[in-house]
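Order of the sequence lines fixes the chain letters, A, B, ..., with proteins taken first and strands second; residue numbering starts at 1 for each chain. What's counted below: heavy atoms across the whole structure, side chains too, no hydrogens, waters or symmetry copies.
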Amino acid sequence: MSAIRVNLKLFYQRKIMWVFYVFVIFAAAIFCFLFSDERSIKLGRGLYLWPMAFMYGIAFLVSIVTMDTWGKPLVFGLPGHQKVLFLIYCGIGMVCGALSLTILIRYPASASLHVVWFGVVLLSLNVMAYWLGFLSLGSTKGACLGFIPWILILCYGRNGPIAVERFMLDPLGVVLLTTGSWSVTGWVVKTLLQRQTLREACQMDILRHHAWPVEHEKYRGLRLADAVNQWFCRQMRRHSGGVGCYVWAAWYKTVGRIILGWKGYLLVGVLLMVWMGYTRSIADPLLFIMMCFIPSIVGIAMLGAETLVTAEGRVPRFWAAVMGGLAMQVCTAVSLAGIVLLSYGLARLLPEATIQGQSYIFHALPWRILVYPIGLIPALLGLILLLRRHFAWLAIMCAAVAVLMIIPLMQDLFPTDPKGLTSGLNVAAGLLSYVVLMACSYWHCFRQDIV
Amino acid sequence: MSQDKPIVEIRGLTKQFRKKIAIEAVDWDIMPNRIVGLLGANGAGKSTLIRHIIGLYLPTTGTCTTFGCRAEKLGPEQMARIGYVHQEGALLDWMTAGQLIRYVAAYYPHWNQDLEARYIEDFDIDLKSRVRTLSPGQRQKLAILLAIGHEPDLLILDEPASALDPLARSQFLDWLLQIIQHEGRTILISSHILSDVEKVIDQVTIMNRAQLVTDCALDDLREQYCDVRLTSLNGVLPEPLPFEHVVASKQDKGQAVLTLKNTPPDLIQQIARQINCRAEIQPLCLEDLYKLEVA
């Protein structure tokens, strides 16, 4: 096996790659939006920032995700290891850069100088993000810091992206960015990519796993998790021998896991709500679609895709998959409904914020965000269940679903009040989504090998 | 359960994954109350065959019937009679060991709490540890407990000891001997650590390149082959030696070691006397038997 194949094999097997796939899907959706935006890309509108953020984000994620892969002894033992690293990074950078530059083909009216500068900026950001990712030495928490500048930029609403875009496409900005990123590159290549540093990163990862967090993780939320486990197991025993037992088991596998991470979900939900309430930007619906993708991916383990064999034939497995999908849908819808209700309360309490002379008022969130879990989650779960071993097809299908959701969003087809949620279109979409889940579950449970 | 009716009947089973044939035209019966060793090299098709028995895989052609029901249509009633230890120890990692035991137990109306308590103590399982933090050996012990807790009629162990260290493997085999002695049930063990399974099995099934090459009682297989050490009583042994069915031989002037198939001990001694030499007959270990059958 060649060095590049071994590297890619290790890289591809990482579970965290799912985050990367989701990111790529949404980046693709953003590009679709930019291509269809009638305002066209012109300097000073903040739209250049999206491809820039894409190039930065993708490189940053790749470097974090691959960090411990590069640190593996197997990889070290291979000839031409550093060359492979560069080949993979350059390959990803070139593909993403080419994708980003297609925006300028779509909008040929852009100044020709911008085309050159834009390309240079994209490449510099890409390179910089790789090495910043490396500097975090594989620490996820440390790596999150790398996204803070972008979050801060977006927190300034439309002004932030416009200002950054102007700076980066200004000759001074281009020179500063290029010099900075390539200087860091030189230093990183000389020092950070040495075996010692990578081994250190790997050891840090091991330490993180085996010292503090194991004990911490061992008993974290044990009492709550135990109580939930006992309650669901009681329900399972009450329906022992019947399909009900398997349905309760599916619900437990869905809810139990979510409860384990409830603090994280709550924090993300509240942060999103505050941001959306103040900014009401175009990214809002995308974020909420993303919130449907994540539980769908998490939920796949619950839908009969697991290999723990219990007293479960294929028929119970099918019903468990369908009911698990329903549970995931209901959980997400209830959580989002809670966020919307909370936003109604906060709309009366949160003050008006003034940043750089511009005032922002917190608005309650529209009820239409509930459309996403209702319409998306069952179909997504079904598709993921069916295509979970075929990543390329899965990514294409998910991207198609995301794009299909974005088009009606752009056209403002979704209702903004609770009454509108029960309109014929939404109910039909929900039913269709469920039909997709049932068809996929049927195929998975009765026509495919399990395990 | 009828003693003369097989609990697993496989007829003409073929499984193909795209272009690769994993199992080819296998016919096999598993009789009740037997300890069957399913042996074979990596990739021989052992796990694929096992997964057909419990209905996880769908056959390309042929049928597999378990407890009188087509394996792909096994319902909770039949599945409750099967215990399965997966070679990769697939468990729900986000639960604690205690939660997982409680969760699996809830599926079975006749879960044996006493047995559970005993194995928790014997296996030294920390109930408060998350499954994902357990060592491979601990995970395997937990998987075994989960498979045995409902006292299944058919216990399937797919490479059960592969993740265990030598000490734990020895403990595991002691425990296996214990459950074989005390509880009459059918056990199917798939393994390529032949020295381990040799102590416990009474039927041996060997797979090689997707096909079943041997299926018989271990004692019958042992009787088929033997090693014979010949020592000449007056000088050099004749060449060639007048034995039929020689599977392997090594000869050095006055001494020779032969592996013979289907040759009775009386006949061996008679021929030895004819060529004026002493014959010592020794049975073969499972590893040697396996090599001969596969060869």
Handout entry: A/Arg447, part contacting chain B, at a heavy-atom distance under 4.5 Å
Key = backbone
Fill in the blank from the handout: When the 4.5 angstrom heavy-atom criterion is applied to A/Tyr252 and chain B, the contacting part is both
Answer whether the closest heavy-atom distance between the side chains of [X] and [Y] falls below 4.5 Å.
{"X": "A/Ser240", "Y": "B/Tyr107", "value": "no"}
{"X": "B/Leu58", "Y": "A/Gln448", "value": "no"}
{"X": "B/Tyr103", "Y": "A/Lys253", "value": "yes"}

Problem - Backbone N/O of B/Leu56 and side chain of A/Arg314: donor-acceptor pair under 3.5 Å - result: yes
Which distance, rounded to the nearest 0.5 Å, do you find between the [atom1] of [X] and the [atom2] of [Y]?
{"X": "B/Leu100", "Y": "A/Asn229", "atom1": "CG", "atom2": "CG", "answer": "9.0 Å"}
{"X": "A/Arg317", "Y": "B/Met79", "atom1": "CZ", "atom2": "CE", "answer": "7.5 Å"}
{"X": "B/Tyr108", "Y": "A/Met236", "atom1": "OH", "atom2": "CE", "answer": "9.5 Å"}
{"X": "A/Asp449", "Y": "B/His52", "atom1": "CG", "atom2": "NE2", "answer": "6.5 Å"}

Do other residues, nucleotides or ligands put more than 12 heavy atoms under 6.0 Å from [X] [atom1]?
{"X": "B/Arg11", "atom1": "CZ", "answer": "yes"}
{"X": "B/Glu77", "atom1": "CD", "answer": "no"}
{"X": "A/Trp443", "atom1": "CH2", "answer": "no"}

Practice task
Check A/Gly256 against B/Trp94 and note the closest heavy-atom contact, atom names and distance.
Solution key: C-CZ3, 3.6 Å
Completion exercise
Bottom line for B/Lys15: the part with an atom under 4.5 Å from chain A's heavy atoms is side chain
